[in-house]
Student: 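Following this message is one structure expressed as structure tokens.
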Amino acid sequence: MAKAGKDLRPIVKLRSTAGTGYTYVSRKNRRNDPERLVLRKYDPIARRHVEFKESR
């Protein structure tokens, strides 16, 4: 039996707004978060916490 929730939880790339090019890969629930995801996470290149925005 195939997984039914593949389209509901797509894989998204979270790109750093510090301009370092560092990315995180995550899944998001389209039903709960229909707009683009923005999270504050650690950027090891910039060595501080910055906003990461969803890029497609």
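One is the number of the first residue; the rest follow in order along the sequence.
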Student: How long is the straight-line distance from OG1 of Thr23 back to CG of Leu14, given to the nearest 0.5 Å?
Tutor: 8.5 Å
Student: Any side-chain hydrogen bond (donor to acceptor under 3.5 Å, both in side chains) involving residues 30-41? Give me the pairs, sequence neighbours left out, ordered by first then second residue.
Tutor: none
Student: Taking only residues two or more places apart in sequence, or in another chain, which ones meet Thr20 in a side-chain hydrogen bond (donor to acceptor under 3.5 Å, both in side chains)?
Tutor: Asp43
Student: Would you indicate whether the side-chain heavy atoms of Tyr42 and Tyr24 approach each other to under 4.5 Å?
Tutor: yes
Student: Give every donor-acceptor pair under 3.5 Å between a side-chain atom in residues 46-55 and any protein atom, sequence neighbours left out.
Tutor:
unit_1 : atom_1 : unit_2 : atom_2 : d
Glu54  : OE1    : Lys28  : NZ     : 3.1
Glu54  : OE1    : Leu37  : N      : 2.9
Glu54  : OE2    : Arg56  : NE     : 3.4

Student: Are Tyr22 and Leu39 grouped together when hydrophobic residues (ILVMFWY) are joined by side-chain heavy atoms under 4.5 angstrom apart?
Tutor: yes
